[in-house]
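Convention: sequence-line order gives letters A, B, ...; per-chain numbering from 1.
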Amino acid sequence: MAQLTRRTTDLLKPFSAALSSTRLLTTTSTNPITVETSLPFTGHRIDPPSRTVETTPQELMSFFRDMALMRRMEIAADSLYKAKLIRGFCHLYDGQEAVAVGMEAAITKKDCIITAYRDHCIFIGRGGTLLQCFSELMGRKDGCSKGKGGSMHFYKKENGFYGGHGIVGAQVPLGCGLAFAQKYSKDENVTFAMYGDGAANQGQLFEALNMAALWDLPAILVCENNHYGMGTAEWRAAKSPSYYKRGDYVPGLKVDGMDAFAVKQACKFAKEHALKNGPIILEMDTYRYHGHSMSDPGSTYRTRDEISGVRQERDPVERIRKLVLSHDLATEKELKDIEKEVRKKVDEAIAQAKESPMPDPSELFTNVYVKGYGVEAFGADRKELKAVLP
Amino acid sequence: MAAAVTQGIGATAALSSANSNKFQFTTRRSLSERKGSSFVIRSDGNPRVDLNQHSNRTRQLVTNAVSTKPDSASASTVSKPGHELLLFEALREGLEEEMDRDPHVCVIGEDVGHYGGSYKVTKGLADKYGDLRVLDTPIAENSFTGMAIGAAMTGLRPVVEGMNMGFLLLAFNQISNNCGMLHYTSGGQFKIPVVIRGPGGVGRQLGAEHSQRLESYFQSIPGIQMVACSTAYNAKGLMKAAIRSENPVILFEHVLLYNLKERIPDEEYVLNLEEAEMVRPGEHVTILTYSRMRYHVMQAAKTLVNKGYDPEVIDIRSLKPFDLYTIGNSVKKTHRVIIVEECMRTGGIGASLTASINENFHDYLDAPIVCLSSQDVPTPYAASLEEWTVVQPAQIVAAVEQLCQ
């Protein structure tokens, strides 16, 4: 089919147009395609789901587009940081995109996601725009947190994205609190509380897990195991690096985090489980190409061979690309075009973000307190105190 | 103005205690939509529904507020209006009224449910509201405080109880980083309407770790408010105000004050979180205090009055932010300030208050501010030693005499 179109483009333009339009129809069609995950799931105290995942061409293409966008965005953030437009800490997510994209495909915007500081791509997955992302990174007014949060504090309340937290592990009790609120209001939604292999050794995680299991909260704890806690490899930090088993009485599932379909299947399975039976732990076996943050070269505690080896064999974007090509959903050139288009979008967003102004100096004092009943804080020459009984 | 005030008080009187258990579940309405009475409280002492027996000034509106009550069956049996209860019961009453009023309010803490609360503040609430709304947690302060904050991000209004304030040190990360800062770092997207409360202060030989005063540690956290209650009346009012506030509030109670008996009004009242309370107006010296030290100060005041001094005693109540208006007016009148607190000397509330007053009212001071605080030692077990770590009335009298020379 591909060879036919190539020959016809040389000869008859209308012909090829007709043919490519029929292929476009297949890309946007919802004919199911069956895909096998790269590895089987391993379960702890639970029967793992099957390896076969149903998907559609539309979903495959959207996976590719989204992951290419995320990859491009993180690389652009890298250059912006080196150009000193982004300061402070910048933790990049490239290599781990499959987790963000696969998770989104399995859930709705009413489910909540909370994560740590490696949050740029999850923010995009939850519906954040590139402009909001880059503006926040550069500390401008149009950022998602008005420029006052920075790289580690992206939030999008209306789409169920609860951030964006700097202190390692502190987001897991918050995530269990979100699940508690969901149980309290009886809406059939779940919370995904994400953390890393480094945070898996925090005590508050086990405290929160105990409470979530005690009260059957719809909390799904997702350990994004990229095998390094900043510079410390997992075997140097954890006596038991099987993070999915660490929940002991809580069931767990080990997932290949570089395969978006495995992630999607696991998250769907976990959501069903959590709504019925309470918490479950998902361990996503993934990898980050950059160092822990932009101040970390990433090569002092691991070899360049290891990084390039993973990039060659397990790269999530490449896997989707191979799937797309093998199912004839697009040609190499079309995929390259998508990547070019994505690159253009990212560059435009950066240009627009650069135009965005810095926050007004008065913004220093806004949003410290919520104005409302009993919160008028007056200085020494306040004349009158007004209290309104609600 | 007077009309507005009486109208306000009349409206509050309508919510008599007979209806207190049958409050409708109100949905959260925005501030602009809220119907309700509003009344102006002037800090210079005028119209306030304050039946505080310590104040000498009679206020005409106080008697109005009381006599407009429809069921004055109290006239036949009891000579005074209102009902008498202990401080912990007042806290419970405030909590219960708020839980009735808003289904989003819930309580989270250790032994708050079936056990009834280690100081009985939540007694009976679990039977009434169920196990989910009055949640017994395992001993995991860090994570259940984190959970409360996470729940607050979605719109619930949890009241977190620390069995003893000292245990909340374990939750310091959650209180400081998440509770205080999330409203700011999210650019205003999240509100954290939690109330964190618990008993603190030096008790009766409880030992060093259970006698801590955490006001000093929490006071620099941006984004939170701190209040300290001292009487049954202000305990109930501050509890209600803290729950209704959209900001995180830390309510400091004191272990030794739970059994204080007082007569409080039957009608619903909510106090202002940032306002200080004028306990005893005077002319010679301003004594600023809060929580248990208020009683030591009042005891010293009796002695001082007998000796011919006229101290003005103000219970600052609001530890963050300070009510500089009330304090300032007092300083402008008396020109001498003594701060009596139970906090540690180094970096305590008194230290911040001293700096604040010096900065704002330096011209009005005739003498340097005297700050009497607890000694910078871990609280010993022995009774005689424990007595001398906190400020005693005799020391207050001596300090006033020296200042007013």
Segment of B:Asn173 engaging chain A (4.5 angstrom heavy-atom cut-off) = side chain
Interatomic distance, A:Glu207 atom CD to B:Ile139 atom CD1 [nearest 0.5 angstrom] | 10.5 Å
Between B:Ala148, B:Gly188, B:Pro193, B:Ser186, which has the largest tally of heavy atom pairs under 4.5 Å with chain A?
-> B:Ser186
Is the number of heavy atoms from other residues, nucleotides or ligands under 6.0 Å of A:Lys157 NZ greater than 12?
-> yes
Side chain, backbone, both or neither: which part of A:Ile114 has an atom under 4.5 Å from a heavy atom of chain B?
-> neither
State whether the side chain of A:Lys148 and the backbone N or O of B:Tyr184 hold a donor-acceptor pair below 3.5 Å, judged by distance alone.
-> no
So CD1 of B:Ile149 and CG of A:Leu178: to nearest 0.5 Å the spacing works out to 11.5 Å
What distance do B:Thr154 atom OG1 and A:Asn189 atom CG have between them, rounded to the nearest 0.5 Å?
-> 11.5 Å
Side chain, backbone, both or neither: which part of B:Ile224 has a non-hydrogen atom closer than 4.5 Å to chain A?
-> backbone
Which distance, rounded to the nearest 0.5 Å, do you find between the CG of B:Leu182 and the NE2 of A:His153?
-> 8.5 Å
Chain B contact via A:Glu363 - which portion, at a heavy-atom distance below 4.5 Å | backbone
Nearest 0.5 Å please: distance from the NE2 atom of A:His165 over to the OG1 atom of B:Thr185.
-> 8.0 Å
May I ask you to check whether over 12 heavy atoms, not counting those of A:Phe206, lie within 6.0 Å of atom CZ?
-> yes
Give the minimum heavy-atom separation between A:Leu174 and B:Gly146, together with the two atoms involved.
-> CD2-O, 3.1 Å
Among A:Val172, A:Asn210, A:Leu364, single out the residue with the greatest number of heavy-atom pairs under 4.5 Å to chain B.
-> A:Leu364
May I ask you to check whether over 12 heavy atoms, not counting those of B:Phe172, lie within 6.0 Å of atom CZ?
-> yes
Which region of B:Leu132, side chain (C-beta onward) or backbone (N, CA, C, O), has a non-hydrogen atom less than 4.5 Å from a non-hydrogen atom of chain A, or is it both or neither?
-> both
Should the ring pair B:Phe190 and A:Tyr155 be called parallel, tilted or perpendicular, given that the plane angle runs from 0 to 90° and is split at 30 and 60?
-> perpendicular
Heaviest contributor of heavy-atom pairs below 4.5 Å to chain A, chosen from B:Leu135, B:Asp131, B:Val249, B:Leu170, is B:Leu135
Portion of B:Gln174 that has a non-hydrogen atom of chain A nearer than 4.5 angstrom | side chain
Measure distances from A:Leu209 to the heavy atoms of chain B and classify the residue's part below 4.5 Å as side chain, backbone, both or neither.
-> neither
Interface moiety of A:Thr366 toward chain B, non-hydrogen atoms closer than 4.5 Å = backbone
Assess whether side chain to side chain contact (heavy atoms under 4.5 Å, CB included) is satisfied between A:Trp215 and B:Asp136, documenting all intermediate values.
-> CA-CA 10 Å; A:Trp215 302 319; B:Asp136 274 328; 5.9 Å; no
Closest heavy-atom contact between B:Phe144 and A:Met211?
-> N-CE, 3.6 Å
Distance from A:Tyr184 atom OH to B:His104 atom NE2, nearest 0.5 Å?
-> 7.5 Å
Over all heavy atoms of both residues, which pair between B:Asn247 and A:Val370 is shortest? Give the atoms and the distance, please.
-> OD1-N, 2.6 Å
Pick one of side chain, backbone, both or neither for B:Ile192, based on which atoms fall under 4.5 Å of a heavy atom in chain A.
-> neither
Max heavy-atom pairs within cutoff under 4.5 Å with chain A, candidates B:Glu141, B:Met181, B:His183, B:Lys191, goes to B:His183
Shortest non-hydrogen pair, B:Ser143 vs A:Pro173, comes out as O-CB, 3.5 Å
So, for A:Ser145 and B:Gln189, which heavy atoms are closest and what is the spacing to 0.1 Å?
-> OG-NE2, 4.5 Å
Where on A:Leu214 is there a heavy atom nearer than 4.5 Å to chain B: the side chain, the backbone, both, or neither?
-> side chain
Tightest non-hydrogen contact, residues A:Phe180 and B:Ala151, listed as CD2-CB, 4.1 Å
